[in-house]
Structure formats: C-alpha cells, structure tokens
Amino acid sequence: MKEPLRLLLDQALERLRADGTLPADVAAPFAIERTKNREHGDFATNAAMLLAKSARTNPRALAQALVAALPQNSLLAKVEIAGPGFINFFLSPAAYHEEMRRVHAATQAYGTNRIAAGRRTGVEFVSANPTGPLHIGHGRAAAVGDCLARLLAAEGAQVVREFYYNDAGVQIDNLAKSVQARAKGMTPDDAGWPADGYRGDYIGDVANAYLRGDTIEFEDHAVTGAKDADSLDAIRQFAVAYLRREQNMDLEAFGVKFDVYFLESSLYSDRKVEETVRELVAHGHTYEEGGALWLRTTDFGDDKDRVMRKSDGTYTYFVPDVAYHLSKWQRGYARAITELGADHHGSLMRVKAGLQALEMGIPKDYPEYVLHQMVTVMRGGEEVKISKRAGSYVTLRELIDEVGRDAVRFFLVYRKADTEFTFDVDLARSQTEENPVYYVQYAHARVCSVLKQAGVAIGDASTSRR
RNA sequence: GCGCCCGUAGCUCAAUCGGAUAGAGCACCGGCCUUCUAAGCCGGCGGUUGUGGGUUCGAGUCCCGCCGGGCGCGCCA
C-alpha cells in the first residue's frame with residue numbers, strides 16, 4: 001500500500017517542481033509510515049517537513065501545496081495536514097478491497113519483495129559443539145536464525161542455512177575422555193574422572209551404545225561402536241556421531257533444516273587453516289613472542305593482541321574461525337550473517353580483525369553478527385538452575401515435548417533477541433488468556449469459524465500448519 | 001577495572017531513520033451472554049521512559065557522567 005501512495009506523492013512533487021514551488025533539483029528520502037494513532041489516518045508522510053527548507057517555506061504551507069497537487073484517485077477517502085506538517089492519508093474502503101484482492105491473488109507470496117533478489121546470503125546459526133544435547137539457548141538461536149533466514153528469503157535472497165560444527169579440538173577430546181571413563185565403569189564423582197570432563201547422564205548413554213556396538217546413521221554416514229574402551233579415537237568418532245545425530249533430531253523436531261553442515265575438522269584436512277595463517281603472516285600482521293605466534297588485532301580495533309598459535313604448536317579456536325569465515329567469502333556469500341549467543345561476543349572483534357588482516361578486500365562489516373541474550377527457564381514459579389556439577393539442564397527436546405514445537409518457537413522469537421528472556425514453562429502450557437500462544441490460536445479458531453459460518457471454503461492459508 | 005547488552009505502567013514487553021498525545025497484553029475496577037466460540041468484547045485506572053547533564057525545532061531513541069542487572073575479559077572454546 002505504500003507503493004501506490006509513494007507514486008501519488010512523486011507525481012505531486014513533480015507538479016510542484018514544474019510550477020516552481022520546489023526547486024527542480026531537490027529530492028528527499030521522505031518516509032511513508034503506518035500511523036501510530038488511528039486519528040492520524042492509515043498512513044502518513046513527513047515529505048513536507050523534509051522539503052520545506054529547500055522550498056523556502058514552512059512545512060504546513062508546503063503540505064497544503066502538496067495535497068493540492070495530488071492526482072485524483074480512488075484509494076484515498078481523505079487527506080489531512082496535521083501537527084508540524086505531517087500529511088495523513090485515510091484510505092477508502094475501495095483501497096482495502098483492492099488490497100484483499102491482492103492478498104487473495106498472491107496467497108503465500110503476499111508481502112514478499114525482491115529487495116535482495118538473488119543475493120547469496122549465508123546464515124550461520126546454532127553451531128553447537130557436538131558434546132551434548134541442545135538446550136534452550138540453542139533453541140533461541142535456532143528460532144531466531146531460522147526466522148532471519150525466512151525473512152531474507154522473503155526478500156528474494158538466495159539463503160543458505162549453515163551449521164558449523166566444532167568437531168576438532170579440546171572440547172571433543174574432553175567428550176571422548178568422558179565417554180571413555182564411563183565405558184571403563186567410572187562415574188563423574190570418582191577420583192579418576194577427567195578434569196574438564198562432561199558429567200551429564202547422556203555420557204553414560206553414549207558409552208553404553210558404544211559398548212553395545214550400536215550403529216549410528218546420520219547425514220549419509222554410519223558409525224558403529226567398536227566396543228573397545230581403550231581406543232580413544234574410536235570412542236571420539238562414535239561419540240561425535242552419536243551426539244550429532246541427537247542434535248539433528250532435536251533440530252528436526254524443532255522444524256529447522258540446514259543446507260550445509262560445515263565441519264571444523266575439514267578446515268584442517270583441506271589445509272584452510274594453514275593457508276589462512278600463511279596469508280596473515282605474509283601480510284605482516286603477526287609476530288612471534290614467548291614461543292607463540294600472535295595476530296596484531298590491535299591494528300583493527302581490538303584492545304589487545306591475540307595468540308594464534310600456542311607454544312605447544314596448536315592453534316587457538318579463533319584461527320579456524322577466521323578460516324571458516326574466509327570460506328564463506330570464497331564460497332560467494334555476498335552477505336554473511338552469524339547468529340551467536342551474546343556470551344561469545346568477545347570473538348567478534350578477533351574474527352573481523354583476522355578477515356581484515358588478510359587484505360583480500362573483505363568488507364569491514366563482514367560478517368554481520370546477530371547476538372541473542374541468555375534464556376532462563378521457569379517452572380513452578382522458580383528458576384530451573386543449570387547444574388554444572390551434575391551436567392544437567394533443560395533440553396530443547398524436553399521443552400518441545402512438554403509445550404509443543406510452535407509454542408516454543410513463538411516464545412523464543414516473541415522478544416527482541418538482545419534482551420534476556422525467561423521461558424515460563426507453566427505459562428506456555430497454560431490454556432488461559434495469559435498465554436499469548438493460546439490467544440493467537442483462539443484468534444485462528446475464530447477466523448476459521450467465521451469462514452465456516454459464511455460458507456467460504458477454507459483455503460491453504462488457514463489450514464497451513466504454520 | 002575494561003568491553004558489550006539491558007533498564008519504559010504493579011508484571012511481561014512494544015515504540016521503524018531522532019518526529020505527532022510513549023502503546024499492547026496480563027493484573028486490577030466497571031459494563032456486556034436469544035444470533036459468528038464469554039477461552040470473548042467495550043470502557044476505566046495506571047508513566048519524572050533508572051538518574052544528572054548535553055546536543056536541537058524536536059530525545060525513550062544520539063553524546064558524556066553516575067546507579068542497578070546480565071554477559072564477557074585465557075597460549076579455553
């Protein structure tokens with residue numbers, strides 16, 4: 001509806017330029033907005049306020065001229081000038097009828113546009129380490145990231161949903177050691193339990209499956225438990241496969257599908273990490289000190305330099321992260337969006353600094369970050385504490401089973417991503433008007449009922465599960 | 001101590017690029033069931049936008065200080 005209004009205004013402005021009311025060369029990025037207040041009509045524009053100065057008149061007088069110059073049309077019932085020089089548009093019933101016809105004709109495509117037509121856009125989200133079941137925080141990431149991807153697609157972008165697996169490195173070692181300890185009959189409170197081991201009960205499940213020789217099938221691989229508690233390598237492979245499959249099942253239950261699962265380990269096997277380091281060294285943004293290789297991130301706005309290669313020869317986590325984001329650029333993502341928990345915001349600066357230090361013409365704001373704040377779970381009026389000691393937390397799967405997929409997704413995108421959020425399980429489950437999900441469902445039921453009473457066939461839009 | 005995010009009605013939160021009288025839901029108070037679901041509708045009450053300055057025609061929004069909360073600050077990820 002803004003487009004026809006903009007067209008009318010453009011014509012009016014053209015007339016004013018033609019008759020000399022406005023200088024021939026002025027243009028202003030005026031806005032057409034929905035009004036906040038019904039008394040101000042349906043839409044309003046600030047055009048007169050923005051152009052008054054160059055017309056050498058006051059906003060209200062210019063607004064008068066603009067309104068007088070508007071072409072005749074059937075969309076507008078009334079046009080008023082108000083306040084400091086706003087022009088308020090009141091739509092005619094015919095305008096609404098016309099819009100209804102457009103909705104009906106466009107069906108699912110209604111409201112989409114081509115702003116980002118064909119633009120290759122990578123949206124990375126969740127990216128949980130395969131070291132345990134997904135929790136509510138991952139759920140927020142999944143819901144926010146998936147909505148973002150859908151919105152971008154609705155703008156015509158060519159969206160790729162991407163999940164980055166940290167399947168190499170210390171955390172995975174800790175996982176393997178934990179499963180091994182379980183397989184050897186230890187429990188987390190025993191003296192010999194790995195120092196940074198994972199303590200959750202699921203570790204025992206993984207160990208049992210491994211010892212039974214279960215076969216894990218996922219993403220067209222299959223891994224079979226070797227039953228050998230001494231083979232840390234076999235355990236690692238099995239455990240990662242087991243937990244990746246679990247996470248994939250959680251995500252599927254949540255209605256989120258990824259196009260690319262990108263493995264950190266591939267960055268090593270494809271020599272991308274090496275290549276990245278070589279380029280950074282070649283461009284002179286590194287130095288050696290204390291047996292370690294440092295990246296001069298302070299050249300790019302960081303508050304201190306960061307170690308890239310530790311004195312033991314291994315890389316710190318952000319180096320593959322830079323290599324990963326470089327690969328996004330090399331794979332042709334004109335736009336890359338990385339959705340992260342706010343507790344990782346410290347890594348933003350490093351990754352961006354790394355990309356800039358490569359001197360490959362990657363834009364300064366690449367990638368774009370979307371951060372979400374922490375989620376806490378309330379049940380029975382009390383916060384459900386995450387027990388680090390027991391390794392227990394409320395899993396995404398439990399929440400989906402308990403309150404339903406759509407309700408969980410609804411609540412997780414109901415608030416801005418950058419404010420902390422408390423998920424009240426009892427509220428989400430309640431069948432009362434305090435539960436916004438219930439309220440929305442009721443509205444849907446009423447619409448269906450009205451259509452039924454009217455004898456109108458219920459089409460795709462109203463029977464869609466979405 | 002430093003960095004990032006947040007602070008708006010009793011509660012949970014909106015407020016588009018800095019624009020009009022800061023809006024919703026819940027809660028509370030009052031009205032409304034012979035016809036589409038009362039799981040509802042209508043009305044009312046409710047605000048020093050944490051606080052003190054600044055910028056300007058105009059600030060919840062931008063800048064500086066302070067107060068309060070969260071997260072981060074490793075040759076961990």
Side-chain angles (χ1 to χ4, degrees), chain A residues 2 28-41 44-46 49-50 52-53 58-59 80-88 127-129 131 137 164 166-175 195-196 264 288-295 301-321 340-350 369 371-376 378 411 414-424 427 430-456:
Chain A
K2 289 181 185 176
F30 61 86
I32 296 173
E33 301 178 308
R34 290 302 306 258
T35 56
K36 287 181 190 166
N37 187 333
R38 266 188 105 67
E39 290 165 30
H40 297 145
T45 181
N46 59 355
M49 279 146 54
L50 291 177
K53 195 173 255 178
N58 68 67
E80 285 182 348
I81 294 158
F86 287 101
I87 300 173
N88 295 335
S127 294
N129 291 345
T131 56
Y164 177 66
N166 291 108
D167 66 333
V170 182
Q171 304 290 2
I172 296 299
D173 279 341
N174 289 338
L175 171 70
D196 294 311
E264 181 187 10
E288 299 222 21
E289 191 182 298
L293 182 67
W294 296 70
L295 180 66
D302 204 353
D303 56 356
K304 54 182 166 189
D305 292 338
R306 306 290 169 173
V307 170
M308 290 170 60
R309 192 173 56 222
K310 295 175 266 180
S311 44
D312 68 3
T314 62
Y315 294 109
T316 54
Y317 77 97
F318 91 91
V319 177
D321 226 4
L340 274 186
D343 54 338
H344 288 92
H345 79 261
S347 74
L348 272 62
M349 188 72 93
R350 278 165 249 182
Y369 283 96
L371 301 181
H372 67 264
Q373 293 290 336
M374 304 291 102
V375 187
T376 52
M378 285 264 272
F411 278 103
Y414 192 43
R415 303 299 181 212
K416 276 195 301 212
D418 64 2
T419 58
E420 288 145 46
F421 175 65
T422 301
F423 193 105
D424 186 333
L427 174 65
S430 72
Q431 303 200 346
T432 69
E433 58 216 89
E434 292 173 38
N435 182 352
V437 170
Y438 210 77
Y439 195 90
V440 170
Q441 288 168 339
Y442 176 69
H444 179 258
R446 287 295 297 271
V447 168
C448 290
S449 180
V450 168
L451 289 172
K452 195 170 155 193
Q453 297 282 335
V456 175

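No hydrogens, no waters, no symmetry mates; every other heavy atom, side chains included, goes into these values. A, B, ... follow the sequence lines: proteins, then strands. Residue 1 opens every chain.
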Among B:rC76, B:rC36, B:rC6, the one nearest A:Ser449 by side-chain distance: B:rC36

Distance in angstrom units between A:Lys416 NZ and B:rU61 P, rounded: 13 Å

Nucleotide nearest A:Glu420 (side chain, heavy atoms from C-beta), chosen from B:rG69, B:rC75, B:rU37: B:rG69

Distance, rounded to the nearest Å, where A:His372 contributes NE2 and B:rC71 contributes C1': 12 Å

Inter-nucleotide C1' distance (B:rU16, B:rG52), Å rounded: 29 Å

Exercise: identify the closest heavy-atom pair between A:Glu289 and A:Trp294: O-NE1, 3.1 Å

Sugar-phosphate only, base, or nothing, as touched by A:Glu264 at under 4.0 Å among non-hydrogen atoms: nothing

Side chain A:Ser311 and base B:rC75 donor-acceptor under 3.5 Å: yes

Nearest-angstrom distance, C1' atom, B:rU8 to B:rG47: 8 Å

Same-atom distance (C1') from B:rA27 to B:rG10, integer angstrom: 8 Å

Shortest side-chain distance from A:Ala44, nucleotide among B:rC5, B:rC36, B:rA20: B:rA20

Minimum heavy-atom distance between A:Leu340 and A:Leu348, given as atom pair plus value: CD1-CD1, 4.0 Å

Sugar-phosphate, base or nothing in reach of A:Gln171, heavy atoms under 4.0 Å: sugar-phosphate

Chi class for B:rC17: syn within 90° of 0, otherwise anti: syn

Sole residue of A:Glu264, A:Arg350, A:Gln171 in side-chain hydrogen bond (donor to acceptor under 3.5 Å, both in side chains) with A:Tyr317: A:Arg350

Length of the line joining A:Leu371:CG and B:rG70:P, which is rounded to integer Å: 19 Å

First of A:Phe421 and A:Asp312 reached from the 5' end of RNA chain B, by closest nucleotide: A:Phe421

Sugar-phosphate, base or nothing in reach of A:Asp302, heavy atoms under 4.0 Å: nothing

Length of the CE-C1' vector between A:Met374 and B:rC6, whole Å: 13 Å

Nearest-angstrom distance, C1' atom, B:rC29 to B:rG46: 11 Å

Polar pair under 3.5 Å, donor/acceptor by atom type, side chain A:His344, base B:rG72: no

Stacking of A:Phe86 on B:rA20 base (centres under 5.5 Å, planes under 30°): yes

Whole-angstrom distance between B:rC2 and B:rC13, as gauged at atom C1': 31 Å

Short side-chain to backbone donor-acceptor contact, A:Asn88 and A:Ala44, under 3.5 Å: no

Interatomic spacing from CG in A:Leu175 to CG in A:Asp196 - rounded to 0.5 Å: 13.0 Å

Sugar-phosphate only, base, or nothing, as touched by A:Asp343 at under 4.0 Å among non-hydrogen atoms: sugar-phosphate

Check: A:Val307 main-chain N/O paired with A:Thr316 side-chain donor or acceptor under 3.5 Å: yes

Any N/O donor-acceptor pair, A:Asp196 side-chain to B:rA77 base, under 3.5 Å: no

For B:rC64, glycosidic torsion class - syn if within 90° of 0, otherwise anti: anti

Sugar-phosphate, base or nothing in reach of A:Asp321, heavy atoms under 4.0 Å: nothing

Distance in Å, A:Met374 CE paired with A:Asp343 CG, rounded so as to fall on 0.5 Å steps: 4.0 Å

All salt bridge (charged side-chain N to carboxylate O under 4.0 Å, His left out) counterparts of A:Arg306, not counting sequence neighbours: A:Asp302, A:Asp303

P atoms of B:rC26 and B:rG54, separation to the nearest Å: 41 Å

Integer-rounded Å distance: B:rC73 C1' and A:Asp303 CG: 8 Å

Pairing annotation in dot-bracket form, given for RNA chain B with Watson-Crick or G-U pairs under 3.5 Å and | for cross-strand partners: (((((((..((((.....[...)))).(((((.......))))).....(((((..]....))))))))))))....

Pairwise P distance, B:rG23 and B:rG31 [rounded to whole Å]: 27 Å

Atom pair CZ/CD of A:Arg309 and A:Glu288 - distance to nearest 0.5 Å: 6.0 Å

Among B:rA77, B:rG70, B:rG72, the one nearest A:His345 by side-chain distance: B:rG72

Test side chain to side chain contact (heavy atoms under 4.5 Å, CB included) applied to A:Glu80 and A:Phe86, step by step: CA-CA 8 Å; A:Glu80 285 182 348; A:Phe86 287 101; over 6 Å; no

A:Ile172 CD1 - B:rC76 P separation (whole Å): 17 Å

P-based separation of B:rU61 from B:rU48 [nearest Å]: 16 Å

Residue closer to the 5' end of RNA chain B, A:Asn166 versus A:Thr45 (nearest nucleotide): A:Thr45

OP1 or OP2 of B:rC75 under 4.0 Å from side-chain N/O of A:Lys304: no

Touch class at under 4.0 angstrom, heavy-atom based, for A:Gly341 against every strand present: nothing

Rounded distance in Å - CZ (A:Arg350) to P (B:rG3): 16 Å

Nucleotide B:rA77, atom P - distance to CG of A:Leu175 in whole Å: 16 Å

